[in-house]
6 protein chains.
Amino acid sequence: MVYDTIGASPVAWAGKPYPAVRDVAERDGSTVVVPIGSLEQHGHHLPTSTDTILADAVATTAAERAADAMPVLVTPPIWTGHSPHHTPFGGTASLDGDDLLALLESVAETVLREGFDGLLLLNGHGGNGALVSSATSTIGAVHRAAEVLGVTYFDLGAERIGEIRDSDRGGAGHAGEVETSMLAHLRPDLVDLDAAEGTPWESPYDRSRDDLSHPGPLSAYADFDAYSETGAVGTPELATAEKGERFFEVFVDEVGDVLERLHAQASE
Amino acid sequence: MVYDTIGASPVAWAGKPYPAVRDVAERDGSTVVVPIGSLEQHGHHLPTSTDTILADAVATTAAERAADAMPVLVTPPIWTGHSPHHTPFGGTASLDGDDLLALLESVAETVLREGFDGLLLLNGHGGNGALVSSATSTIGAVHRAAEVLGVTYFDLGAERIGEIRDSDRGGAGHAGEVETSMLAHLRPDLVDLDAAEGTPWESPYDRSRDDLSHPGPLSAYADFDAYSETGAVGTPELATAEKGERFFEVFVDEVGDVLERLHAQASE
Amino acid sequence: MVYDTIGASPVAWAGKPYPAVRDVAERDGSTVVVPIGSLEQHGHHLPTSTDTILADAVATTAAERAADAMPVLVTPPIWTGHSPHHTPFGGTASLDGDDLLALLESVAETVLREGFDGLLLLNGHGGNGALVSSATSTIGAVHRAAEVLGVTYFDLGAERIGEIRDSDRGGAGHAGEVETSMLAHLRPDLVDLDAAEGTPWESPYDRSRDDLSHPGPLSAYADFDAYSETGAVGTPELATAEKGERFFEVFVDEVGDVLERLHAQASE
Amino acid sequence: MVYDTIGASPVAWAGKPYPAVRDVAERDGSTVVVPIGSLEQHGHHLPTSTDTILADAVATTAAERAADAMPVLVTPPIWTGHSPHHTPFGGTASLDGDDLLALLESVAETVLREGFDGLLLLNGHGGNGALVSSATSTIGAVHRAAEVLGVTYFDLGAERIGEIRDSDRGGAGHAGEVETSMLAHLRPDLVDLDAAEGTPWESPYDRSRDDLSHPGPLSAYADFDAYSETGAVGTPELATAEKGERFFEVFVDEVGDVLERLHAQASE
Amino acid sequence: MVYDTIGASPVAWAGKPYPAVRDVAERDGSTVVVPIGSLEQHGHHLPTSTDTILADAVATTAAERAADAMPVLVTPPIWTGHSPHHTPFGGTASLDGDDLLALLESVAETVLREGFDGLLLLNGHGGNGALVSSATSTIGAVHRAAEVLGVTYFDLGAERIGEIRDSDRGGAGHAGEVETSMLAHLRPDLVDLDAAEGTPWESPYDRSRDDLSHPGPLSAYADFDAYSETGAVGTPELATAEKGERFFEVFVDEVGDVLERLHAQASE
Amino acid sequence: MVYDTIGASPVAWAGKPYPAVRDVAERDGSTVVVPIGSLEQHGHHLPTSTDTILADAVATTAAERAADAMPVLVTPPIWTGHSPHHTPFGGTASLDGDDLLALLESVAETVLREGFDGLLLLNGHGGNGALVSSATSTIGAVHRAAEVLGVTYFDLGAERIGEIRDSDRGGAGHAGEVETSMLAHLRPDLVDLDAAEGTPWESPYDRSRDDLSHPGPLSAYADFDAYSETGAVGTPELATAEKGERFFEVFVDEVGDVLERLHAQASE
């Protein structure tokens, strides 16, 4: 199964001629999903496009499964994320925060003009999280007739993820157990499990996030070389493709629920 | 007790001549707090400056109590928040998201130039939350030598708040039990408890916030006239000044902890 | 009498619930005043918020006295001024010129949307003067149905001020006789008259301003450490609270005249 | 005598090859003048470029006379001014305020990089006045080693102008006695004195400008069709080329004084 | 052969962990290629991602072949192009011109920071052409140590293309013979040759482009519904996968020459 | 013959009172031409305003000749071009690319508001070329009812120029045979033929421009001090005023054709 082929999925906007896009947009409660990732260091064992691949795969699979019950399309993923905290390692492209916010607003503006009733910004990179949430508000305030949502997929389903994972809190970080497992499942050609080496995530602030599944109310800026020598944060050593499939199914399922609810709201 | 007097507090930057500001900035682990509120509708019973007053009061009181143990100052509050979802009611001033982000970056730029080692953006308005979090990242990426934090105060101490409040989930919303109680404690001259009337918060999305103390991973834009007829969301009818004092003490305590930890990190 | 309490005045937008703001906005010839100050060095004897306190006090008092005859509200003061020329001393926060201009435009946009017929930008900081005047034009050009004015309060009533002051030309500068006297009147808790020490204002250009009451056609940029060692320019040594009350009354009176005329124009 | 020929004057940057520009820039106290005008309606009798021609002529003539005593060059005039208040008449091009401010900053940035020690922004259009003054501050704050000035030429020499003119206060407005006379002197080919018809300037605010020679502290936005039917404000009917020469000499003389003083300051 | 798989190519930045990206960047004369496409209507027979797929395929294949002789990587394609002239048809996302320019500058800024010596912006969409050329200048002016190039691939090799194609001038337009043939070769799953129907390109201006292989000096804006009913311009009816392979080889060859020369320059 | 006098030409917008501008704008197929030049080094023998003078002269003369057959006006030339590649020599003012793009968009916005049916951006500086072409698209996309064109005049008539010139390919570069000859014809007072010394243009890329008459598809950024010691590129030594007149006539003729066709299109 290949998730990252431009236009290959039946829900890919990119693979359709324009009359087919219009047909979907015009149906009641039609929804478009924009996956948002990054191009940034993910330790020695994962490719720089990890977040982009995962956001794209979650979005596309969830939309494919929802497509019988609702009109939905997925745009190509945005790979130009906000990653200043990863630049000390290299291999990283990063937009400034206001530039990413403006890009998301522009894409939303132009996509909603087609007549879609709903929009889901589906993010896969922690550094984008607050900006995607900000964009939900700034886009929603302009397009009041549309239903506008934003979410970072790994903020969903924390409990269910907890039942699958082997690592303690701090093990599911940037390029840690969860991301590594999923990429080993989806794109084994790009993963080098032998090179997987990370440092468990320990935040100096007990109210800030210190695990993919443990967000916190406090935002604290820190360059990732303060957390990890390899760039990986968590315990990727515990990753397996088998767990990766299970993690992936949880996230796809969660996003599917969001899409179902979004469709219901957008149809009103 | 009056919290909103410009410069009256011993930790107010505004009340000091510049040599005194410099003295604080030059000490090891010096920190500046920027309270961020709004000017927006808060139902029929609370003033439009509710969020500004509360952010200012929490920040100032926490800093006053911390001032013996650390060098800390508080700027005047920023009252120009991001409130497009409240404009249908009127009484509301609102900056666009990118303009608020730029304003926070500018203030941080100029304040950190004074030589402070740490910065805490202390937000009191839900609509600012993601933008303040975004600002933490964009400011931190530019000022890497400084310790940069951001938080919305009511995202802290949810469990302790739960022990005090009388309302069910959905009762502590915009101008609901918690905000109303605190303002009744701090500024009774501006509160009309008899006019307090709200609608409990029910989000159409079970993964999005539906109470001050129940945040969720999903961001969903909605104009507040979809939630409430009066503009108040929650059960302000349950508010009392007595509970307000207790709520306030929890938040001040939580922010105090953040400041203490921030000081430790910024002193390294 | 305390001028700087958020929402305490009967003309304070900040102190009213939104229905009360709307009631004022809907009346014929309704006007909103936006005080604009700064947070910047004011010598060794005045607090950094001097301009903000004064702009707020003049605006609020003038509006209170006018409120019987016209519908008028005052927003909280904007304290993020344009003060690059004071940064060499420290204690100073400063927006870039275009950022302040954009902020004023945004505030005006959102405030005028409420339905006010008139807007007065009431400035208290010399460094903001040209930008506030620029904003009057850029705001007016967009909101042609509204009556839009801007003024720096100390540019008014020069002759009457001259009858009260004791200093020669050059004595009423930044943190000089006039500002110091007024703050000693309004907020004696924040003034240290014993520390008052300034250098009379001497401009190298005889066509540029060299006193609060002596503006000139020529604009000349100069860092204030070229004018003064303490940061104060003028003769604050001559300041008294008694004169401060008289100065203050002149400015309040002048602004009152402007408001009266503005109301008449905005009612047409 | 022709003033508006690109590069024809011995002080024109535009007329020199780059080594000659460099030679001037490298001399002690070297100064560059940027004339700023507009392209906007000037009644039925004056061309739309009136302000551009006059700013250019005053700047160039003053610089030519100063050139023996100081190193000075003049750039071509900027004709893209800020004129929203004239657009109801047509014939008018106008930049938004922030765009003009940005343009002036860019030109200054690039011009000062050549090594000039001083900069004079010489404005000839009322609508640009506050923006040019703002630019003086924003440019000066960035280029602290340079001496940066800004002035609207007709704000200079008011008393001397008063001795020459025949009109009462209100007669020297936009396309009024003074501008018309000067253009009749400098460019008679572009003036149609028979078509000269204006309305004396009466401001509804007695503290705002109501004559070229009577500025006021209050800024008030007003579209010019509220002042005048033809677009001309003042009494152009009184204009003569003879007076025009005398007015022109006053302004050239005033600007010459400014240049002399600027050179002295910039040489330090 | 699949061209559009994120990270699958040995020259894909996206498929490598960061240490491998750094290894390439550090070699002498290292070069990065950024493919730039669009998401826009391409008639009834081609998918909306046509330009993105083609720019990506040309860039990646040329880089793969060059990789033995030079250090080179390719980023994921940018699919957010400038396509206002296609929006009347729908199915089209489009950035404003300045937003695309800013995006290219940001990507270049961040990519060149990695240490690459050369940059090639490889564009595949006519509407982006001038902006990519503009970006070459604005990026080059900032990164003067790097070798910065930009080109629209179909502007290369016009003569060789002419030997292969069957259509007359006007037949190789937007979604015409050349693009359709190449996509039929590279991604037959996304092409519906039976639906291919276009209108030969006839420009009202004989000095402007009227065929992919016939550029002109004159730029003329026109919405594409003025040229074509289906959105396709040219004669896609003549397209075959066989010719597509030959066209593709020409462009890959031409870009290969550019890369070789760029490497030589960047190695100096 | 003098071409650069503001307002002296019968087709100069600048020389007309506003009612006369309106009269032209209201006629069917009315067109406005905006000449765009630069202020930049042009070797030791040409003035820094060379491109501005030439763009203005070509535009004005072509429009004068077309004026009998169509309603057409010319604005003053924009002299603030994009010239970063010339700054190493000095004598050069340069806007950033996005600032020039924004300026052109603003001028177009304001000029088209007058009611003109067509717009021609007539550029005379190579460094502006792509930006002017970009502006054609961004302006056209906003003003869809208007006919919007852009061209760099020396990209026209290459064949006819080739018949007149004496230099080989590479001889007609920046300040080379063609530009020098034309300026010697039009403004001999500003040309020093004895100082003419250039280096023939040799691009390292055979697909990029290496002569005014030999454009290429490849854009390559290079500072001009890499090409030439004097700043002049080409063989200005071959220039004569006689050839200059012939070159000029070719370009005027070409632009005349463009205007004629533009008028026809704009009249529909």
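Note that this is a predicted model, so its numbers are computed, not measured. Proteins come first, then strands; the chains are lettered A, B, ... in the order of their sequence lines, and each starts at number 1.
- For the residue pair D:P47 and F:A14, the shortest heavy atom distance occurs at CB-O, 3.2 Å.
- Interface remark: F:A102 contributes no atoms to any contact with chain D (heavy atom separation under 4.5 Å).
- Distance CG/F:L190 to CD1/D:I6: 10.0 Å, rounded to 0.5 Å.
- For the atom pair OH of D:Y18 and OG1 of F:T87, the computed distance is 12.5 Å after rounding to the nearest 0.5 Å.
- Judged by distance alone, with hydrogens and angles left aside, the side-chain atoms of D:W13 form no donor-acceptor pair with the main-chain N or O of F:T92 at under 3.5 Å.
- Between chain D and the options F:S106, F:A93, F:G90, heavy-atom pairs under 4.5 Å are most frequent for F:G90.
- For F:E114, the part sitting under 4.5 Å from any heavy atom of chain D is the side chain, from C-beta outward, and nothing else.
- Neither the backbone nor the side chain of F:T50 comes within less than 4.5 Å of any heavy atom of chain D.
- Between D:G43 and F:P19 the shortest heavy-atom distance is O-CD, 4.3 Å.
- Ranked by heavy-atom pairs under 4.5 Å with chain F, the list D:L73, D:T52, D:V24, D:L46 is led by D:L46.
- Ranked by heavy-atom pairs under 4.5 Å with chain D, the first of F:S49, F:G15, F:G91 is F:G91.
- Between the CG atom in F:D99 and the CG atom in D:L103 there is a gap of 8.0 Å [rounded to 0.5 Å].
- Annotation: maximal heavy-atom pairing with chain F below 4.5 Å, among D:P77, D:G115, D:G231, occurs at D:P77.
- Contacts of F:S94 with chain D are made by both backbone and side-chain atoms, with heavy-atom separations under 4.5 Å.
- When side chains are defined from C-beta on, D:V107 counts as touching F:W79, because their heavy atoms get closer than 4.5 Å.
- Chosen from F:L100, F:V191, F:T48, the residue pairing most often with chain D at heavy-atom distances under 4.5 Å is F:T48.
- In this structure, chain D has heavy atoms under 4.5 Å from both the backbone and the side chain of F:I78.
- For the pair D:L39 and F:P76, the minimum side-chain heavy-atom distance is below 4.5 Å.
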